[in-house]
Amino acid sequence: MNNFEQIIWNYLDGHVSVEEKKLIEQLLKSDAEFLSLFEEIKSIHLQISALDLDEPSMSFGRNLMEKIQLEHSPVPQKSLLGKWFINGIAVFFLSAILFVLGILFFKIEWSQSSETDWFEFTIPQFALDSSSYSFLINLFVFVDIIVVLYFFDVFFSKRIKSKNDHNL
Amino acid sequence: MRDDKSDIDLISQVLQGDKMAYAQIIKQHQRFVFTLALRFSKCREDAEEIAQDSFIKAFRALHTFKQNSKFSTWLYSIVYTTTMTFLRKKRLDTQSIDDETSLIQLEAYSSDHTIIDVEHKSKMQFVNLAISQLSTIDAAIITLFYQGEQSLEEIAQALGMESNTVKVKLHRARQRLREKIEGILKQEVRDLL
């Protein structure tokens, strides 16, 4: 009977094969018990389908729109970060990499002991402890710290704001 | 004229900065969102809060809606996650309530129902009552399938389940609903005699 029940529900949903449809129609004509089960399930099916949706309070939409008005407009990510901005970052990094590689290439000392030998090269040593490099590294670390602090500030400000909005 | 606008048209208007177009989206979906929230929470005040939160979350994330599913399916998945968060939070908040209070509430609820004249109860009320006695997930699946007119695949998407799982759950939910209706009708007959 349980299996029949499932077939009847599927039949009412329109999810039965041709064979199952024929079987149901045959049983409806020949089996009184099956017909009674079918009528009962069909009645429930029709009642659920005809159920009305619940209505929220009259002020629901108005209250909600008041809250929506306080929200920032949702902006597509594309317009937040223009293509030129992404391309600009890519161009900057590519230029920086090419610049460093160019300097390195021109500073390499190339030598060849005989014509049949491969070229030999010596990569120049960069004295990281020299005052100029030390200044650059300190500057780099300083800028990084500023950037990290800035992002922390933005992140926590947003969290506090959203928490306050939620409590309202 | 504005009623004829599709969800997609209204969403693009909102994304262009027209917040008032969102009022139309709310109007088109508020009844179902509220009904679904009510099926989950079984309390009108909570359902309104869940429905409001869901619409606000949907507004904030509107630009992430990919349009590879129906807007309603996407919105119902937000309602589902919002409800789960809400109910989890509420369960934690109400753990301190003692059993005595709960008993008083239950007595008040049942006596309220026996007072109502049986003659005025329509079949719809029986079905609604039976649905309210189902588990949250069973009631939600039935509501999404019948009132939300969502396919099994769409329900699966909204609830984060496999469509085969939803199919089995829908069948079991309908079986339980049938049993509940039978139980309610038998109780009504007993009360009449």
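Computed from heavy atoms alone, side chains included, the values below leave out hydrogens, waters and symmetry copies. Note on naming: letters A, B, ... go to the chains in the order of the sequence lines (proteins, then strands), and numbering restarts at 1 for each one.
Listed by sequence position, E40(A), I41(A), I44(A), H45(A), Q47(A), I48(A) are the residues of residues 40-48 of chain A in contact with chain B, using a 4.5 angstrom heavy-atom cutoff. Of all residues spanning residues 55-64 of chain A, those with a heavy atom less than 4.5 Å away from chain B's heavy atoms are E55(A), P56(A), S57(A), F60(A), G61(A), N63(A), L64(A), arranged by number. Heavy-atom proximity under 4.5 angstrom to chain A picks out F145(B), Y146(B), Q147(B) from residues 145-156 of chain B.
Only the side chain of E182(B) comes within contact range of chain A, with heavy atoms under 4.5 Å apart. Looking at L36(B), there are no atoms closer than 4.5 Å to chain A (heavy atoms on both sides), in backbone or side chain. Both the backbone and the side chain of A51(B) come within contact range of chain A, with heavy atoms under 4.5 Å apart. Residue contact with chain A, scored on non-hydrogen atoms closer than 4.5 Å, involves the backbone and the side chain of I56(B) alike.
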Apply ring-ring contact (aromatic ring centres under 6.0 Å, His included) to the pair F40(B) and F86(B), showing each step before the final yes or no. CA-CA 10 Å; F40(B) 280 123; F86(B) 181 91; over 10 Å; no

Let's go through H29(B) and F71(B) carefully: what are the C-alpha distance in whole Å and the side-chain angles of both, what is the deciding distance for ring-ring contact (aromatic ring centres under 6.0 Å, His included) to 0.1 Å, and is it a yes or a no? CA-CA 10 Å; H29(B) 295 278; F71(B) 173 72; 5.3 Å; yes

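The shortest distance between side-chain heavy atoms of D53(B) and I78(B) does not fall below 4.5 Å. In this structure, the side chains of R178(B) and L37(A) come closer than 4.5 Å at one or more pairs of heavy atoms. With contacts defined as side-chain heavy-atom distances shorter than 4.5 Å, the pair R39(B)/I131(B) qualifies. Side-chain contact between K169(B) and M161(B): present, with at least one pair of heavy atoms (C-beta onward) separated by less than 4.5 Å.
Of the residues considered (K167(B), K19(B), Q16(B), Q30(B)), K19(B) shows the highest number of contacts with chain A, using heavy-atom pairs under 4.5 Å.
Here the two rings, on F4(A) and F38(A), have centers that are 6.0 Å apart or farther.
The pair R172(B)-D138(B) does not count as a salt bridge, with every side-chain nitrogen at least 4.0 angstrom from each carboxylate oxygen. K90(B) has a carboxylate O that lies under 4.0 Å from a charged side-chain N of D46(B), or vice versa, which qualifies the two as a salt bridge.
Closest approach of L177(B) and V127(B) over heavy atoms only: CD1-O, 4.3 Å. Here the closest non-hydrogen pair linking V79(B) and I50(B) is O-CG2, 4.4 Å.
Few gaps surround CZ on R44(B); more than 12 heavy atoms of other groups in view lie less than 6.0 Å from it.
Side-chain polar atoms of H171(B) and N10(A) form no donor-acceptor pair below 3.5 angstrom.
Qualifying side chain to side chain donor-acceptor pair (under 3.5 Å) partners for T83(B), counting only residues two or more places apart in sequence or in other chains: none.
Remark: side-chain polar atoms of D13(A) are not paired, donor with acceptor, to backbone N or O of H15(A) under 3.5 angstrom.
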